[in-house]
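Before any comments, here is the structure.
Each ligand, and each atom within it, is numbered from 1 in the order the structure gives.
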Amino acid sequence: MTNPPRTLFNAVVCLQCGHAMPADLHAGACARCGGAWLDARYDYASLPADWPARVAARPAGMWRYAELLPFGDGLPPVTLGEGGTPLTRSERLGHDLGYRELWIKDERQQPTGSFKDRQAAATVSALRELGVDELVLASTGNAAAAYAAFCARAGIKLWVFLTSSVPAEKMRELALYGAEVVKITGTYDQAKQVAADFAAERGVWLDRGAKAVPGKESMKTIAFEIAEQLGWRAPDWYVQAVSGGIGPLGVLKGFEELHRVGLIDRVPKLAVVQSAGCAPMVRAWERGDAVATPVQPDTLITVLATGDPGFAYEILKRANDRDGGAMVAVGDGAAFRAMRRLARTEGFSVEPAVSVAFAGLEQLIADGHIDPDASVVVNCSGHTFSAEKHALEDRYVLHLDVPVPSSEPAHTSEGFVAALRQLDEQVTTVVVIDDNPNDSRLICRLLRHHRNYRVFEAHNGPDGIDLVRQRRPDLVVLDLNLPEMDGFKILDRLKSDPRTRRIPVMIVSAKSLEPEERALLEDRTTSIWQKGNFSAAEMVKHVVGMLGGALDQPDKPLTTTPRRIADGVLEAFGDLDRRRILVVDGNALDARLLRRLLEARHRFDVVEAHSGAQALADLDRAAPDLVIMDLALPDIDGEDLLADLRNRDETRRVPVIVVATHDPAPPLRARLAAQADSVWSKETLDRSSLLAHVETILE
Ligand SMILES: Cc1ncc(COP(=O)(O)O)c(C=O)c1O
Ligand SMILES: [Zn+2]
C-alpha cells in the first residue's frame with residue numbers, strides 16, 4: 001500500500017520584498033516589510049519522478065495534486081466535488097475563427113458554476129481547520145456564490161459584500177445558502193473597503209483573495225488539470241477574463257511550477273481580457289506602465305468590475321514581459337455577440353464574464369497576436385442560478401449607502417464610519433420564538449419600529465433552534481408556552497450547544513411561574529417579562545439598552561435597569577479554559593464592538609458592563625483576568641472606578657486598560673497611567689495594536 005501524498009510546501013515568500021518565512025497556510029503579512037502579497041513555495045526537488053502516474057491513480061478532482069498544494073495531510077477538505085472539470089475541444093467555433101486547436105476548460109461544471117469553487121473549497125477547508133466560524137467576503141458575484149455554498153457546508157457564517165449592480169438572482173442564490181448579504185451602493189473597490197472595515201470592527205476573519213496562500217494555490221489546479229488533460233503538455237495560450245486577477249495569477253503559477261519540475265516544455269502565453277468599461281490592466285499594459293492606474297468601472301459585466309487591480313497587475317505584467325502574452329479589452333456589445341456565437345456553434349451557454357474572454361479571443365486573432373496554428377485554452381464559467389424569491393425569508397439583503405467620495409476610495413471618512421455604524425444596527429439580529437403569531441408579530445413590529453434591527457420569527461421550538469443556529473442573533477426573545485417543545489426545553493437546547501450557548505435569551509411569556517421555575521430561568525436568561533404586565537415601551541427600551549443603539553441616540557438611562565443581565569455573567573463565563581475580560585463602557589455599542597473584536601480571537605470570554613455598579617458586581621462574581629474600561633459611565637466617574645478597583649484587595653492586581661472616548665488631557669492621562677496598565681484613546685485607536693497588547697498582558 002502506498003503512503004498518502006504529502007505536501008512539499010516549505011516556505012512562504014513575500015512577493016513585495018522577497019523575504020522568506022516558514023510555511024504557514026494562514027500567514028497574513030510579511031514579517032519584514034508588512035506586505036500583504038504572500039506566495040507559497042515548495043521543495044520542488046523532492047517531487048517524485050513518477051508524479052504524473054501517481055496523480056493519475058488518485059481520485060479525480062483538484063485535491064489529487066497534493067504535493068504541490070499547501071495543505072497538510074490532516075486537512076479533510078470541505079468538498080462539493082470541485083475540480084476535475086472537462087477540457088472540451090471546440091468542434092466549430094475554432095474552425096470559424098481560424099484556429100486549429102481550441103479548447104474550452106469547462107468550469108461551468110463546478111458545484112456553483114465557476115472556477116471560484118476551487119478557491120472557496122481551499123479557503124473554507126483551511127479556515128475550518130483553523131476553527132474560524134465566521135467570515136467576511138467582498139465579491140463581484142461568483143466568488144460569493146462559491147464561498148456561500150462551501151461555508152454552508154462547513155457551518156461557517158458568511159457575510160458577503162456586493163455592489164448593488166450584482167443581479168438580484170445572484171443575491172437570492174447567496175441568501176438561499178444562508179449567507180448574510182450586504183448590498184453597497186458604490187463601486188466594488190468601495191465594497192471591499194467597507195467589508196474590510198466591517199470585519200475589523202467585528203473582529204471577524206476577512207477573506208484576503210489573491211493575497212492569501214490557499215486561494216491562489218487552488219487556482220494552480222486549473223493549470224495542472226489542463227496539462228494533464230493534454231497529456232502533460234502546455235497549450236501555447238491560456239485565455240481568461242480578468243477582474244481582480246486571482247485566476248490568472250494562480251494558473252500562471254501552476255504552469256510555471258510544472259515547467260520548473262520539467263513536466264511541460266514552456267509556460268503558455270497568458271491572454272488577459274477585460275471589459276472595455278473596466279480595463280485598468282489593459283490600459284496600463286498598452287502604455288507599457290509597470291503599475292496600473294485605477295479606473296471607475298462602467299460596464300454591464302459586473303463580475304469583472306475591479307477598478308483597482310493593485311499589485312496583481314504588476315505580477316502579471318512581469319510574467320508578460322518574460323513569457324510574452326497580451327492584454328485586450330472588449331466592449332459589452334462584442335461580448336454579448338460572442339456569447340450568442342459560442343452558444344450556437346458549440347452548445348455552451350456561458351455567463352457574460354466568460355463571453356468577454358471569447359470576444360477577446362476573436363480580437364486577438366484579428367490583431368495578429370495569436371497565430372492560427374497555436375493551441376489555445378479558454379477558461380469558461382457559467383450558469384447563473386436563480387432562487388425563487390418566495391423561498392427566502394424577508395430582508396435577505398441588507399442595503400448600505402456609502403457616502404464615500406468616489407475619487408478617494410481608500411480613504412476612511414467620517415461618512416464612512418457613520419455608514420458602518422448604520423450597518424451595525426442593521427445587522428443586529430433578534431430571533432423571536434413564540435407560537436402565537438399575534439404576539440410574535442407585535443414584538444417584531446415594536447422592535448423594528450424603534451430600531452432598524454433584523455427580527456426573525458419562529459413559531460415552534462425546532463424551527464426556532466434552527467434559526468438561532470443559522471443567524472447567531474444578538475438576542476433571543478423566547479415564549480414559554482409552546483406546543484411539543486416548551487420554552488424550558490428550547491432554552492436547554494440553546495444553552496447546551498456551544499454555537500448558541502452565549503446568546504442572551506429574554507423570556508416574554510404569559511405563563512405564571514412557580515418560584516423554582518423562576519429561579520431556573522433567572523440563572524440562564526437576561527430578563528423575564530410577563531405578558532400583559534409591562535409596557536411595550538419599557539420592553540423595547542430594555543432591548544435597545546442591551547443591544548446598543550445608534551450613535552446619534554446616546555444611550556438614555558433605562559427606567560428599569562435590566563436586573564438580570566449581570567446575573568448572566570457566570571453563564572457567559574462558562575468556559576473556564578479561556579481568559580476572561582470585562583469590558584466596561586457606558587456606550588453599549590462601543591462595548592459590543594470591543595467584545596466582538598476580542599471574541600474573534602477565540603481565546604477570550606468577554607462580558608460587558610455598561611455602568612460602574614454593574615462592573616463592580618461583575619468583578620466580584622466573575623473575577624476577570626483583565627478589565628478594559630472607558631471613563632464615561634452613567635453612574636460613576638471612570639477615574640473613581642479605577643481608584644476603587646485599586647483600593648480593593650480582590651481587584652488590586654487585576655490589569656486594567658483604559659480606552660477613553662476622548663484623548664485624556666496630559667494631567668489626567670498621567671494620573672490614569674499611574675493606576676492602569678495602559679491608556680488609549682478611541683479617537684486614535686489602532687485595533688491590532690490593542691489586541692496585541694491584550695494578548696501580551698494575558699500571555
Ligand atoms: C467567470 C469569471 N471570469 C473571470 C473572473 C475574474 O476573476 P479574477 O478575480 O480571477 O480576475 C471572474 C470573477 O469572479 C469570473 O467569475
Ligand atoms: Zn516583505
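Heavy-atom proximity to Ile246, at under 4.0 Å, picks out these atoms of ligand 1: 8 (P), 9 (O), 10 (O). Shown in contact with Val242 at under 4.0 Å from a heavy atom are these atoms of ligand 1, numbered in order with element: 11 (O). Residue contact check: Asn142 has heavy atoms under 4.0 Å from atoms 1 (C), 14 (O), 15 (C), 16 (O) of ligand 1. Near Ser381, the atoms of ligand 1 lying under 4.0 angstrom from a non-hydrogen atom of the residue are 1 (C). Residue-ligand proximity, Val303 to ligand 1, at heavy-atom distances under 4.0 Å covers atoms 12 (C), 13 (C), 14 (O), 15 (C), 16 (O). Close approach of ligand 1 to Leu304 is summarised as follows: ligand atoms under 4.0 Å from at least one heavy atom of the residue are 4 (C), 5 (C), 6 (C).
Residues Met219 and Phe115 are in side-chain contact: their nearest non-hydrogen atoms beyond the backbone lie under 4.5 Å apart. Within the 4.5 Å cutoff, side-chain heavy atoms of Leu97 are placed close to those of Arg341. Cys30 has its side chain within reach of Met21: a pair of non-hydrogen atoms, C-beta onward, lies under 4.5 Å apart. Contact annotation: the side chain of Leu304 approaches that of Ile301 to within less than 4.5 Å [non-hydrogen atoms, C-beta and beyond].
In this structure, Pro248 has a heavy atom closer than 4.0 Å to ligand 1. In this structure, Gln240 counts as a contact residue of ligand 1, since one of its heavy atoms falls inside 4.0 Å of the ligand.
Of the possible polar contacts, one joining the Ser125 side chain to the Val78 backbone as a donor-acceptor pair under 3.5 Å is found. With hydrogens and angles disregarded, no donor-acceptor distance shorter than 3.5 Å links the side chain of Ser114 to the backbone of Gln110. A donor-acceptor pair is defined here as one N or O able to donate and one able to accept, closer than 3.5 Å; no such pair exists between the side chain of Glu107 and the backbone of Cys380.
With respect to atom 3 (N) of ligand 1, the closest heavy atom belonging to the protein is Phe115 CE2, 3.6 Å. The single protein non-hydrogen atom nearest to atom 4 (C) of ligand 1 is Ala241 O, 3.1 Å, given as residue, atom name and distance. When only non-hydrogen protein atoms are considered, atom 8 (P) of ligand 1 lies nearest to Gly245 N, 3.3 Å.
Taking any N or O of Gly244, backbone or side chain, at least one lies under 3.5 Å from an N or O belonging to ligand 1. The N/O atoms of Gly247, backbone and side chain alike, include one that comes under 3.5 Å of an N/O atom in ligand 1. Not one N or O of Ser114 is nearer than 3.5 Å to an N or O of ligand 1, by distance alone. Between Glu351 and ligand 1, a contact under 3.5 Å exists for no N or O pair.
Not less than 6.0 angstrom separates the ring centroid of Trp285 from the ring centroid of Tyr313.
The residue from Gln274, Lys116, Glu107 that puts a heavy atom closest to atom 7 (O) of ligand 1 is Lys116.
Other residues, nucleotides and ligands contribute more than 12 heavy atoms inside 6.0 Å of the CZ atom of Arg41.
Neither the backbone nor the side chain of Leu249 has any atom closer than 4.0 Å to an atom of ligand 1 (non-hydrogen atoms only). At a heavy-atom cutoff of 4.0 Å, ligand 1 is contacted by the side chain of Val354 but not by its backbone.
One finds an angle of 100° at the Zn ion (ligand 2) between SG on Cys14 and SG on Cys33, to the nearest 10 degrees.
Taking the six-membered ring for Trp and thresholds of 30 and 60 degrees, His26 and Trp205 have ring planes more than 60 degrees apart, a perpendicular arrangement.
In summary, the side chains of Thr85 and Lys105 do present a donor paired with an acceptor at a separation below 3.5 Å, with no hydrogens or angles considered.
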